[in-house]
Amino acid sequence: MILNLRTLTTSLVIMLSLGASANTAQASSGCLSLPLQGTSSQPQDLTLEPAFWWAGMQNPELQLMLYSRELPSLPQQLKVDIQGHGITLKSLEHTDNPHYLFINLDLSQAAPQTFELIISSTDLASKTNTPLYRLPYTLQGRAKGSRERQGFSNKDVIYLITPDRFANGDTRNDNQADMLEQVAANSPSNLSNPSPPYYPDARHGGDIAGISQHLAYLAKLGVTQLWINPLLENNQAQYSYHGYSITNLFRVDPRFGSNEDYKALVAKANKLGLGVIKDVVVNHIGSNHWWLNDLPSQDWLNDATKTQLNNHESKPNLIQSADTKSSTIKSSVTSPRFTSHRRTTVQDPYAAAQDHIDFVDGWFTDTMPDLNQSNPKLATYLIQNSIWWVEYAGLSGIREDTYSYADKGFLAKWSKAVMTEYPNFNIVGEEWTANPITVSYWQKGKINADGYTSDLPSLMDFPLYEKLIASLNEPESWDTGFIKLYEMLANDLVYADPSQLVLFEGNHDTNRIFSLVKENIDLYQMALTYILTAKRIPQLFYGTEVLMTSPTEGRHDGVVRSDFPGGFANSASNAFTGQGLSEPQRQAQQFVRTLLNYRKQSPALQSGDLLHFVPQDAVYVQFRCVLNVPLSAEQKAEALKSLIQNNSLTQHNACTQPSADKVMVIYNKNDKAVTLDINRFASVLGDSGAATDIISGNTVSLNQAITLSHAGVTILELKPNSKSKTKSPQNAGLPSRQDSMLTRNQANALTRAHTNNSTNNSANNLAKNSTQKGTQS
């Protein structure tokens, strides 16, 4: 385990003499480090986090963590005074390490201002105070509309970027004197033909400037949100490029740029219609985090070999008394037990307590110490850190790494705190499992058997992703191929809101989609179409649009995260300009661009209902549909009554309504030409006579069978004819699926609440007619 500590770096340096006032300065970094002059011949760092905050936050309480080796050893010797307006000192908290002081403030009456924190040492005998530090602290004003910010949603397409591998916009920041790892000598920044083994896992030099310089490309491509792998400082000796071994939670890694650069990137992206999602890690830190030199408390980190001792009060349900006195329990920070990765132990009603501990409290590697979020001071620190970045940088979302590995009680508090501060925000958690039940456990609104509740709106849809890959590669038969993908969607019943899941074709931990479908362009287009037309929030991995490849078996992270063509000086081709791309790459890029930009203006693909038909003869058909005219409350009640009486789950679907806008997606694995009998889809097609192929722009007749000349995907836009659009509102559709989940008694009560007028009769007739039409299909 690497424990050699870096020298603490600062974004703001204020020289303080004991008892002297400090000049007021504005810190852009969230960590304020101040070299102090004291009795020691060597300066000692004073660190204050967060370095500044905002007035007018929904939660008016703020906890400051102050670190200094100059603090008195006895807590009762410390005194804190506030010189400001409307700021109340609630309490001081201490740990078993006297070098840390936690200052709790109430800012409910505070306006934006800079005030002073006066830290004094008290002589208990003489009752005299000796000022130690006078620290300026700024409460900023919030940006207009900050609380109401809109998070990413079904209207968006997320584009994942590994910043070190996307584009090197500023070669001057490639190497930093205070960083342990430098850009490799044979990286793409230095050689025209870099070669393994040093190349794949080394730093390549991509940065914030590189992303910023190519925002126009991303906007033109049609994506609307950027999820960027962690940009925070990773001062590790090796493998520092990926960003998940964070050594300073308030500082952007200088090899990527600065905090100010990150904030400017978000602002520039927003002007182009792009939001930015931050990759947050609360489960662990890097082994070179400055905490490791002097831990805030003995239980700041988890250690599965001694969890039962250190966390006795915070985790009483996991205590096995026979083990707590065992002589085999030893402190092993230098030789930790690693996580078992057994995710189901969090939910399993039969799981042994130690198995649960091994998963949650085990470390990923010896360079990723596992944080004990059940420590309330650490929990507050992590919550405030997430909120600080949202407010500071102007973010539109968070992607939470290794979600279930952290303490689940903390996760509930963390998600609730962030979503309470920003009600329209969005967070997606990573729960890497193929089991929908395991994933659904963590979503907001899910009723769990153990009573656990969460405020996490979204999760990565690994179950559907894995089934998509398997289904495309399997030969078609009664129980293989498309049918597995079709049947997986039935598991949506276990989710509180399946439409809010993020579905992806790949990410930084998975092998490349083009390789996984054996570089078959038809299967590739089917995979991307499924992602972008599913009733989900779609996400693409950088380079997918130009057919980037990887091995297909095992983990090859450095290769999966290869350099984006054109992002580095010695690139053989340039995807930003198209120069040097092969014809298949250009066609793939145009396909993605066309579909993405169509999706941006398609309410059906963004928020429409989904209706699909059982795959037959290697053809799978889905529809996405959205209503043009909403039903009245009376009409909804009557339609819902009919829905329940006829025991149907789909008759309320907008796809069965003539006035809906509809998109038909046809997936075909047949290499030879086949005809698709459209009579099977009459309940959806209605009297639509033609459709538009959104990729080719051609018109397709719906008055006869559709000829599918070869394997691939066909995406058709159907518009309601003029007669359907001008019909009265009762023809506009039926209640949503969520409405249909009401019980029969609730629906009947709702119906009885309305008068039996002519409008009700019209709605009732509509529901009956729709049911008959659906039954025929």
request  = Using the ring-ring contact (aromatic ring centres under 6.0 Å, His included) rule, take Tyr241 and Phe166 through it: C-alpha gap first, then chi angles, then the decisive distance, then the call.
outcome  = CA-CA 12 Å; Tyr241 77 93; Phe166 186 67; over 10 Å; no
ask   = Are any of the side-chain heavy atoms of Val252 and Glu233 separated by less than 4.5 Å?
value = no
cation_pi(Arg251, Tyr392) dist<6.0 Å, angle<=45 = no
request  = Among residues two or more places apart or on two chains, list those pairs meeting ring-ring contact (aromatic ring centres under 6.0 Å, His included) that have a residue in residues 139-165.
outcome  = none
key: All pairs passing salt bridge (charged side-chain N to carboxylate O under 4.0 Å, His left out) where residues 538-558 contributes a residue, at least two apart   = Asp509-Arg555, Arg555-Asp557, Asp557-Arg561
Results of salt bridge (Lys or Arg N to Asp or Glu O under 4.0 Å) for Glu431 - residues two or more places apart only = Arg343
task = May I have the step-by-step check of side-chain contact (heavy atoms from CB on, under 4.5 Å) for Arg536 and Leu464, ending in yes or no?
result = CA-CA 10 Å; Arg536 296 291 196 268; Leu464 195 54; 3.9 Å; yes
inquiry  = Would you say Arg149 and Ser396 are linked by a side-chain donor-acceptor pair, where the criterion is simply a distance under 3.5 Å?
reply    = no
key: Interatomic distance, Lys535 atom NZ to Gln606 atom CD [nearest 0.5 angstrom]   = 12.0 Å
message = For the CG atom of Asn154 and the CG atom of Asp156, what is their distance to the nearest 0.5 Å?
response = 8.5 Å
remark   = Between the CG atom in Asp207 and the OG atom in Ser258, the distance rounded to the nearest 0.5 Å is 11.0 Å
inquiry  = Can you see whether Arg586 engages Gln589 through a side-chain donor-acceptor pair at a distance of less than 3.5 angstrom?
reply    = no
query = So, Ser458 versus Gln500: side-chain donor-acceptor pair below 3.5 Å or not?
reply = no
task = Answer with yes or no after comparing the ring centroid distance for Tyr403 and Tyr441 against a 6.0 Å cut-off, counting only values under it.
result = no
note = Only one of Phe338, Tyr405, Phe364 passes ring-ring contact (aromatic ring centres under 6.0 Å, His included) with His284, and that residue is Phe364
query = What distance separates Thr420 OG1 from Gln58 CD, expressed to the nearest 0.5 Å?
reply = 7.5 Å
request  = May I ask you to check whether Thr529 and Gln525 show a side-chain donor-acceptor distance below 3.5 Å?
outcome  = no
ask   = Under 6.0 Å from the CD atom of Gln579, do we count more than 12 heavy atoms belonging to anything else shown?
value = no
query = After noting the C-alpha distance and the side-chain angles of Thr162 and Asn229, does the key distance pass the side chain to side chain donor-acceptor pair (under 3.5 Å) rule?
reply = CA-CA 5 Å; Thr162 300; Asn229 286 149; 2.7 Å; yes
task = Begin with the C-alpha distance, continue with both residues' side-chain angles, and end with the deciding distance and a verdict on side-chain contact (heavy atoms from CB on, under 4.5 Å) for Leu395 and Val266.
result = CA-CA 7 Å; Leu395 304 174; Val266 177; 4.2 Å; yes
key: Flag for Gln236-Ser287: side-chain donor and acceptor within less than 3.5 Å   = yes
query = Which pairs with one or both residues in residues 268-279 pass salt bridge (charged side-chain N to carboxylate O under 4.0 Å, His left out), sequence neighbours excluded?
reply = Asp279-Arg399
request  = Return yes when atom OH of Tyr239 has more than 12 non-hydrogen atoms of other residues, nucleotides or ligands closer than 6.0 Å, and no otherwise.
outcome  = no
task = Output all residues satisfying ring-ring contact (aromatic ring centres under 6.0 Å, His included) with His508, sequence neighbours left out; order by chain, then residue number.
result = Trp227, Tyr244
query = With sequence neighbours left out, what residues match Asp370 under side chain to side chain contact (heavy atoms under 4.5 Å, CB included)?
reply = Asn283, Asn302, Trp363
query = Less than 4.5 Å apart, any side-chain heavy atom of Leu532 and any of Leu596?
reply = yes
query = Under a 4.0 Å N-O cut-off, is there an ion pair linking Asp174 with Arg255?
reply = no
message = Can you confirm whether Met57 sits close enough to Glu391 that some side-chain heavy atom of one is under 4.5 Å from a side-chain heavy atom of the other?
response = yes
ask   = Does a donor on one side chain sit under 3.5 Å from an acceptor on the other, for Asn168 and Thr171?
value = no
key: Short N-O contact, Glu421 and Arg142, less than 4.0 angstrom   = yes
ask   = Is atom NZ of Lys600 surrounded by more than 12 heavy atoms (other residues, nucleotides or ligands) closer than 6.0 Å?
value = yes
message = Could you walk me through whether Leu540 and Val592 satisfy the side-chain contact (heavy atoms from CB on, under 4.5 Å) test, starting with their C-alpha distance in whole Å, then the side-chain angles of each, then the deciding distance to 0.1 Å, before giving a yes or no?
response = CA-CA 10 Å; Leu540 303 179; Val592 173; 4.1 Å; yes
request  = Say whether Tyr465 and Glu505, considering side chains only, have a donor N or O and an acceptor N or O under 3.5 Å apart.
outcome  = no
ask   = What class does the angle between the rings of Tyr381 and Phe250 fall in, given that below 30° is parallel, 30 to 60° is tilted and above 60° is perpendicular?
value = perpendicular
From CG (Asp497) to NZ (Lys444), nearest 0.5 Å = 10.5 Å
ask   = Would you call Thr365 and Met368 a side-chain contact if the rule is heavy atoms closer than 4.5 Å?
value = yes
remark   = Between the CZ atom in Phe462 and the CH2 atom in Trp432, the distance rounded to the nearest 0.5 Å is 5.5 Å
query = Side chains of Trp414 and Ser386: is there a donor and an acceptor less than 3.5 Å apart?
reply = yes
